[in-house]
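One structure is given below, encoded as structure tokens.
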Amino acid sequence: MRVLVWIAAAALCAYGEHRLHALGVTTKGWVVGAALLPSGVFVKKADGAWVNEGYRHPLLTAMAWLPGKPDTLFLAAGDGVIRIDSQGRWRVLTDETVTELQDISAGAGGLLAFGHTTGFQVSEDGGATWREISAGLPRRYGKAIRLDRLHRGRVVIGTENGFYVSDNLGGSWKPAGAAGFQAMRVEQSPHEASLWLAVTQKGGIFRSTDGGRTFEATPRDPAAGRNLYDIAFDPADARRIAVCGWGPGVLVSEDGGVTWEARNQGLPRPDVWSVAFDPDKPGRLYASVHEEALYVSEDAGRTWRVDGLPGSIILRMAFVPAGGAR
């Protein structure tokens with residue numbers, strides 16, 4: 001069986017004010033008995049080369065950093081929450097009961113929250129201690145989670161049966177939408193706090209304009225019936241958003257998520273795990289194509305070219321402000 005899991009955990013752009021981080025796996029080109037391919041943290045240098053840094057970890061799925069403190073990263077990993085400090089030291093912050101993390105989010109005042117296969121937990125002291133917040137949820141598969149950046153206590157989560165919202169940091173929950181569909185990702189607009197977007201398996205794209213309290217399906221959704229995996233708001237354009245998945249590839253909206261256009265010209269296949277806009281280069285968009293490579297577009301997805309990491313499956317990307325953890 002040709003299976004190898006590796007992680008592209010962080011890709012750092014030395015240019016600009018932010019550094020691109022990417023999480024992923026790959027199976028392409030590996031055979032049983034062969035040496036493992038590089039994994040863990042990958043850094044993109046100023047000359048465009050990717051360098052592997054840190055430990056080689058088999059499963060990293062998401063990352064977050066506390067507001068104003070990008071020198072420390074928190075990773076959602078197969079074996080718990082991992083903290084990487086400014087010296088590059090890795091430490092697991094959770095115990096052996098926490099495995100297969102799916103997502104992690106950070107908020108002001110040391111708030112951290114994660115979802116894993118059996119529920120959701122929150123920390124109010126930067127990861128020193130954790131408590132369960134899954135009570136009252138009918139389903140607990142913690143695929144997606146976001147802390148509202150303005151309303152302390154508001155949490156939006158995604159389970160195998162849609163999305164839920166809490167205004168008291170998990171003390172109680174209300175259904176928020178997409179019932180009957182497996183949640184995959186939820187994100188809050190960096191421009192307008194009341195605008196949220198969520199993607200699902202088979203259910204398509206859902207949009208909230210009331211701060212994540214309720215999500216409604218997108219009319220004429222081009223991704224309905226497909227699996228979507230990631231969401232990216234353009235930091236330079238309040239109305240531009242990208243989502244991606246298997247089948248639709250990259251979809252871009254220029255009107256705040258009301259309508260969507262497929263932008264896959266130049267991609268080898270329309271199976272995309274993650275997308276991210278470069279905050280320092282308006283119009284630059286990255287997309288990770290399944291077992292092919294990381295691709296980049298300079299015109300918001302209208303055309304693409306290979307950027308690097310051949311044979312990879314990049315599960316998640318994010319730009320971290322310069323000065324973050326190495």
Side-chain angles (χ1 to χ4, degrees), residues 5-26 36-46 49-96 98-116 121-130 142 145-147 230 273-274 276 278-279 286 288 294 308-309 312-326:
V5 177
W6 65 262
I7 299 299
L12 309 183
C13 294
Y15 54 81
E17 300 299 324
H18 295 78
R19 303 180 303 178
L20 174 61
H21 292 236
L23 311 178
V25 297
T26 189
L36 292 176
L37 297 172
S39 65
V41 176
F42 287 80
V43 179
K44 186 175 183 178
K45 299 298 185 181
W50 292 79
V51 177
N52 179 217
E53 289 190 350
Y55 294 102
R56 296 184 179 186
H57 195 287
L59 183 58
L60 299 174
T61 57
M63 76 189 80
W65 59 96
L66 296 170
K69 299 180 179 179
D71 58 334
T72 299
L73 298 181
F74 298 89
L75 302 179
D79 56 346
V81 175
I82 293 175
R83 183 183 65 200
I84 306 176
D85 66 19
S86 58
Q87 284 72 50
R89 295 172 298 199
W90 291 43
R91 180 182 177 186
V92 179
L93 301 182
T94 46
D95 62 25
E96 68 282 358
V98 174
T99 61
E100 299 178 67
L101 269 67
Q102 304 295 303
D103 201 5
I104 189 168
S105 182
L111 276 182
L112 291 165
F114 69 82
H116 65 138
Q121 294 193 23
V122 66
S123 171
E124 298 184 64
D125 52 16
T129 61
W130 298 87
I145 188 167
R146 282 294 174 273
L147 296 163
D230 202 8
W273 290 104
S274 184
D278 189 335
Y286 288 84
S288 60
L294 183 64
L309 296 175
S312 66
I313 303 172
I314 304 300
L315 295 178
R316 190 72 67 85
M317 294 183 285
F319 281 88
V320 180
R326 302 182 61 83

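What you see is a predicted model; the values in this text were computed from it and never measured. Sequential numbering from 1 along the given sequence is applied to the chain's residues.
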Which residues satisfy the ring pair (Phe, Tyr, Trp, His ring centres under 6.0 Å) test with Trp130, sequence neighbours excluded? Phe114
Any Met63 side-chain heavy atom under 4.5 Å of Ile84 side chain: no
So CD1 of Ile314 and OH of Tyr286: to nearest 0.5 Å the spacing works out to 12.5 Å
Between Leu112 and Leu66, is there a side-chain heavy-atom distance shorter than 4.5 Å? yes
Residue of the set Val92, Leu73, Leu93 for which side chain to side chain contact (heavy atoms under 4.5 Å, CB included) holds with Ile82: Val92
Applying side chain to side chain donor-acceptor pair (under 3.5 Å), name anything that partners Asp125, two or more places apart in sequence or on another chain. Ser123, Thr129
Nearest-0.5 Å distance, CD1 of residue Ile145 to OG of residue Ser105: 6.5 Å
What's the separation between atom CG in Asp79 and atom CG in Leu60, rounded to the nearest 0.5 Å? 8.0 Å
Does a side-chain heavy-atom distance below 4.5 Å link Trp273 with Asp230? no
Is there a side-chain contact between Val81 and Val98, using heavy atoms and a 4.5 Å cut-off? no
In the structure I gave you, are the side-chain heavy atoms of Asp278 and His18 within less than 4.5 Å of one another anywhere? no
What residues form a side-chain contact (heavy atoms from CB on, under 4.5 Å) with Ala62, not counting sequence neighbours? Ala76, Asp103, Ile104, Arg316
Does the Gln102 side chain pair with the main chain of Glu100, one donor and one acceptor, at a distance under 3.5 Å? yes
Heavy-atom closest contact (Pro67 atom, Gly107 atom, distance): CD-O, 3.3 Å
Taking all non-hydrogen atoms of both residues, which atom of Val122 and which atom of Leu111 are closest, and how far apart? CG2-CD2, 4.3 Å
Answer yes or no: is there a donor N or O on one side and an acceptor on the other, between the side chain of Thr61 and the main chain of Leu315, under 3.5 Å? no
